[in-house]
4 protein chains.
Amino acid sequence: MDDDSRKARWEQHTEVPLAVASLVFLAAYAVRILAHSLPDTWQDLCLAVLFAAWALFAVDYAVRWRLSRQRLRFVRTHWLDTLVLLLPLLRPLRVVRVYEAVQRRHGQPRLALHARVIVYAGLSTVLLGFAGALSVYHEEHAAPGATIRTFGDAAWWTCATFATVGYGDVAPITPLGRLIAVGMMAIGLALLGAVTGTFASWLLQVFTREDDERPPGI
Amino acid sequence: MDDDSRKARWEQHTEVPLAVASLVFLAAYAVRILAHSLPDTWQDLCLAVLFAAWALFAVDYAVRWRLSRQRLRFVRTHWLDTLVLLLPLLRPLRVVRVYEAVQRRHGQPRLALHARVIVYAGLSTVLLGFAGALSVYHEEHAAPGATIRTFGDAAWWTCATFATVGYGDVAPITPLGRLIAVGMMAIGLALLGAVTGTFASWLLQVFTREDDERPPGI
Amino acid sequence: MDDDSRKARWEQHTEVPLAVASLVFLAAYAVRILAHSLPDTWQDLCLAVLFAAWALFAVDYAVRWRLSRQRLRFVRTHWLDTLVLLLPLLRPLRVVRVYEAVQRRHGQPRLALHARVIVYAGLSTVLLGFAGALSVYHEEHAAPGATIRTFGDAAWWTCATFATVGYGDVAPITPLGRLIAVGMMAIGLALLGAVTGTFASWLLQVFTREDDERPPGI
Amino acid sequence: MDDDSRKARWEQHTEVPLAVASLVFLAAYAVRILAHSLPDTWQDLCLAVLFAAWALFAVDYAVRWRLSRQRLRFVRTHWLDTLVLLLPLLRPLRVVRVYEAVQRRHGQPRLALHARVIVYAGLSTVLLGFAGALSVYHEEHAAPGATIRTFGDAAWWTCATFATVGYGDVAPITPLGRLIAVGMMAIGLALLGAVTGTFASWLLQVFTREDDERPPGI
């Protein structure tokens, strides 16, 4: 009980700083990858910021692992946290939760379930798409015979992948680029499922209401 | 209360004229983009019609903003109207609502929810697809190395995008063309969600009815 | 009442012959398009069969129009029949209904809704896909610069379109071929909706049952 | 009754050995196809393992056919088993069932329906995708003009197909390769349906609960 409350307090206090660190991490990553012509000092600064942010994530993970008093089980039950620690570019998945927490703290009423799903799906799609486009661009742009040569190409390819349209006019060709791409396809599938599922359940809800409004007995 | 009724009366009176203006806007836009060999006088006429229609939209927006007695909040709560004012090619999203209003006024019974969703999705897909194909064609057809060279190509590409098939035999290559394309992919995703969701909820409804018909108790 | 029963009797008697005529129509169409090296006499025979089958469809439509005692309204209320009369390749949409009627007549219990949707979707996908692949092949195979050069290409392209995968390694390039392709994309979207919707409603049904089985009160 | 219990006992005892045989079959198939430079003795060993595993499957099918005391009806009612016997690469469809059975036997509580659907879909997608990529690679890699030249290409193409993205940068060109591809598209469609359907039904379930929690009467 005591540990639980300490864990909850820790999470409450670190929520916003960690979310800020995630966005800083993403920004530093973007600068480092996109700004080729930066002087070396700035490049090194970006790298330092990246490591600092990652160190924060590691400390947070360690503290929560400690407070949980679980050993290996923590790694399994918090697999999303473990994954996000190893691949910090997936952090956006946690940022979204913070967005909701902040809104709740400001006394704003909780959004309806549909709106929450759409906000969650939209935010994580945008942030993960940005991170994914950066990584794919980084892997691809210098490969011989690559079709993804500018960040614009990578962003365009990301959109075509998330919408499961997949024109194929630009596509990754390096093994690592394709590996990242497979992860992004999975996100695209999940996005499609979220959009479709939200629509279906919304329609069904409207239906049920209309049925309820007509005769009082059925 | 007074303002509300005046707003309702205003909306009731402007509904049909605005819908007509939207269609005229779309037609003038189509003529201006597709008819390259028109004499300059006609081109200028189309431009004049475009501006006149847009001015009507702006006046309508201003009047409703006034009647609402809200200031900035109006911009946020009526974000769809604001968006449509800035991008008049999205007007079709409002035309559909008018179609329904007209039908209701003619005493025709309201369509069932499924039929309404299908009509709404179909109409807005056709109109938005036409507007989108025009814009993409306009951006692309003169670009060096473009694959979308005729309006037929643009229409074909639009269909392949909306169905999320995405052959990629023709695809936009200019930054602006790709930006429009991303918007159209989002419409395609929504269309897919509407089709799938309608089907799922229709199936579930049929089920529930069959279950109700069998034993009276369950 | 009298007309209704006469119409019902007519439909009951013509169901199977018309379904057979539809399959004969499709077969004759396939032979005419695929067998280039057939002597002219056989080609003419196929054409005769095509016209004879179509004449049957027209007679059936006329008789039912007569029996309905409706004038133009019949064309609108039976829009699927009208469409199928004009585009006989869409006949498969009616063959499926016959399949079900025949099975019912043989005393076999009606399939569960899910199974019926899957059978309906599967049968019409296969038949419409075959008809569509034939038409697209017919339009494309002789066009200069075409990528669909054999019926195998057309069949492969049809599958990629129905699954909304759309590789784009082969794709129609003629205006008429693309028009047919758009119709086939619509079928693909509907198929996707059917598969997804069936799955969603089946899952929900299983859920409801599991919920019912646990405590009797909820 | 006696036969049924004997059949149940047979199935219970053969479940795990058959699942192991399936994985061994898949592994031997992978080694045989991917390891070109293996000495002939090893290649022959792989072939022997393949045949041995398949013989096990055939024996199991025969015994169950015997115990069922049905003749041709068994082939129809157990069409999935028949199909899996003819195309042993589809075995993964049965491995998954074993995974669940093993988990149940170890006293672990049954997963919730959603988790089960996700585990089932995930496991069978990975295993079938691996088998499919192997077959397509085998058919394609030596064909003149093929774009799928390495197993990496085949795996990449498999992912793009399962996500219904379909870039088309690599695509099968041989008739047999395309036939396998069509089967994999069908799996992709089913996967999409499972993801979307699970999401929709999960959303609806959450809804119903929230509705139940608010007022006690509705």
Side-chain angles (χ1 to χ4, degrees), chain B residues 108 114-115 117-119 121-122 125-126 129-130 133 147-171 185 187-215 217-218, chain C residues 110-118 120-121 145-148 157-209 212 216:
Chain B
Q108 285 176 349
H114 285 145
V117 169
I118 287 170
V119 165
T125 302
V126 168
F130 183 57
T147 47
I148 299 178
R149 306 201 74 89
T150 66
F151 180 68
D153 289 337
W156 165 245
W157 169 84
T158 301
C159 294
T161 300
F162 276 3
T164 74
V165 171
Y167 296 113
D169 51 345
V170 293
M185 283 176 210
I187 299 171
L189 265 186
L191 177 67
L192 198 66
V195 169
T196 309
T198 309
F199 214 100
S201 65
W202 173 76
L203 272 177
L204 274 166
Q205 221 191 2
V206 174
F207 258 128
T208 317
R209 257 187 228 141
E210 288 198 345
D211 277 5
D212 285 357
E213 277 163 12
R214 265 183 295 162
I218 293 172
Chain C
R110 227 171 156 216
L111 287 168
L113 185 61
H114 285 145
R116 252 183 300 149
V117 169
I118 287 170
Y120 194 106
T147 48
I148 299 178
W157 168 84
T158 301
C159 293
T161 300
F162 276 4
T164 74
V165 172
Y167 296 112
D169 51 345
V170 294
I173 55 161
T174 62
L176 200 52
R178 285 181 170 178
L179 199 69
I180 301 168
V182 171
M184 291 170 79
M185 283 177 211
I187 298 171
L189 264 186
L191 177 66
L192 197 66
V195 169
T196 309
T198 308
F199 214 101
S201 65
W202 173 77
L203 272 178
L204 274 165
Q205 220 191 2
V206 173
F207 258 129
T208 318
R209 258 187 228 141
D212 285 357

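These numbers come from the heavy atoms of this one structure, side chains and all, not from hydrogens, waters or symmetry mates.
Top candidate by heavy-atom pairs under 4.5 Å with chain B, chosen from C/Ala194, C/Ala181, C/Ala163, is C/Ala194.
Of the atoms belonging to B/Ala160, heavy atoms from both backbone and side chain fall under 4.5 Å from chain C.
Identified under the salt bridge (Lys or Arg N to Asp or Glu O under 4.0 Å) test for residues 184-205 of chain C, with sequence neighbours left out: none.
The side-chain contact (heavy atoms from CB on, under 4.5 Å) search around B/Thr198 returns A/Leu203, B/His114, B/Val117, B/Ile118, not counting sequence neighbours.
Atoms CH2 and CE, on B/Trp156 and C/Met185 in that order, are 3.5 Å from each other to the nearest 0.5 Å. Note that the CG atom of C/Leu189 and the OG1 atom of B/Thr125 stand 9.5 Å from one another [nearest 0.5 Å].
Taking both residues in full, the closest heavy atoms of B/Asp169 and C/Ala171 are given as OD2-CB, 3.5 Å, listed atom of the first, atom of the second, then distance.
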